[in-house]
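Index from 1, following the sequence. Remember, it's 1-based here, ligands and their atoms both numbered in the order they're listed.
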Amino acid sequence: MAKMRAVQVPNAKGPFQMVERDIPEPPPGWVRMRVEACGICHSDSYVKEGLWPGIQYPRVPGHEVAGVIDALGTGVAGWKPGQRVGVGWYGGHCGHCENCLRGDFLFCTVERRITAITQDGGYADYMITPAIALARIPDELSAPDAGPLLCAGITTFNALRNSGARTGDLVAILGVGGLGHLGVQFASKMGFRTVAIARGKDKAALVKELGAQIYIDSLAQNPAEELTKLGGARVILATVTSGKAMNAAIAGLGVNGKMIVVGAADEPIQVAAPLLIGGRRTIAGWPSGTAMDSQDTLAFSAQTGVRSRNELFPLERASEAYEHMMSGKARFRVVLTMK
Ligand SMILES: [Zn+2]
Ligand SMILES: [Zn+2]
């Protein structure tokens, strides 16, 4: 049997192991991808640290996977070997539970599949995935370009396009890291009056390059007061993983303003009830999206020039690459390449 390299986590909190495995055969309805690049996401820590209930080990992480279709299982329609495809967090659904029948596949209650949680992911030369989870990659995007767009990208793109903000509205991106540096680009390309909020003077030039019109340095300025001076934000997209940073910005929402939380902060978000009532303000969360949302994210990025800024590591340095991502020092996404 032909073999491949895979980087697996043997058990919760265990070390990454580079192993040789049989190249998997796709079951009916699934395809096999030859992986070209796979982004490393903070959510890979669910696998590494055993934070996801019921996860089976060993498990191969990686849910920002870009590659080429290599083989089709029986019954797969609409795809053929050689097509460039990607797969993100969403990894399949049952199609017959109530949420699926309402078209809300992400909340499937019977067979909710998540790439690299319920099935092995993309830290490998090959992986298999349900065909329903595939998104087409446009020619303009390289595999390392596409990888981070399949989780960090879709999450910020989809949250913004479903936020209710309209062209010209004041939209603030809180945090300029892996998610935020994409959020700023998307907000700007979608035609919002884009504010970036981050810590320190050194980010000012960068956020302008990414398309922000206004920069708020939260070390030197009060984000809520600055947003209020600008008329109040229609949307604050909270990409930070700090509840305190979110709390410091909430009062900058304008009337009907909405804070959309996409950063998985451990600390609670605290807000005074009158602030919500008085301005009809809301706080909401947003998960990533389905395969078509990924495809839309990739197409929009190809069309408008939105790109993730990546640091590339070869597959065999996955452990080091993961630690670099977790250190918070990566500028801005870390991507594994397979060649
Ligand atoms: Zn992710
Ligand atoms: Zn379902």
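For His42, every N, O or S atom stays at 2.8 Å or more from the Zn ion (ligand 1).
Under the side-chain hydrogen bond (donor to acceptor under 3.5 Å, both in side chains) test applied with Glu311, the options His324, Arg331, Arg333, Lys329 reduce to a single match, His324.
Rounded to 10°, the angle that SG of Cys41 and SG of Cys151 form at the Zn ion (ligand 1) is 130°. An angle of 120° is found at the Zn ion (ligand 2) between Cys100 atom SG and Cys94 atom SG, rounded to 10°. Take the Zn ion (ligand 2) as the corner point: the lines to SG of Cys97 and to SG of Cys108 open at 120°, to the nearest 10 degrees.
Minimum heavy-atom separation, Ala245 to Leu174: O-CD2, 3.7 Å.
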Report the C-alpha distance between Asp44 and Tyr123 in whole Å, list the side-chain angles of each, state the deciding distance to 0.1 Å, and finish with yes or no for side chain to side chain donor-acceptor pair (under 3.5 Å). CA-CA 11 Å; Asp44 292 347; Tyr123 289 21; 2.6 Å; yes
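Annotation: the span from Phe332 atom CZ to Leu206 atom CG amounts to 4.5 Å, rounded to 0.5 Å.
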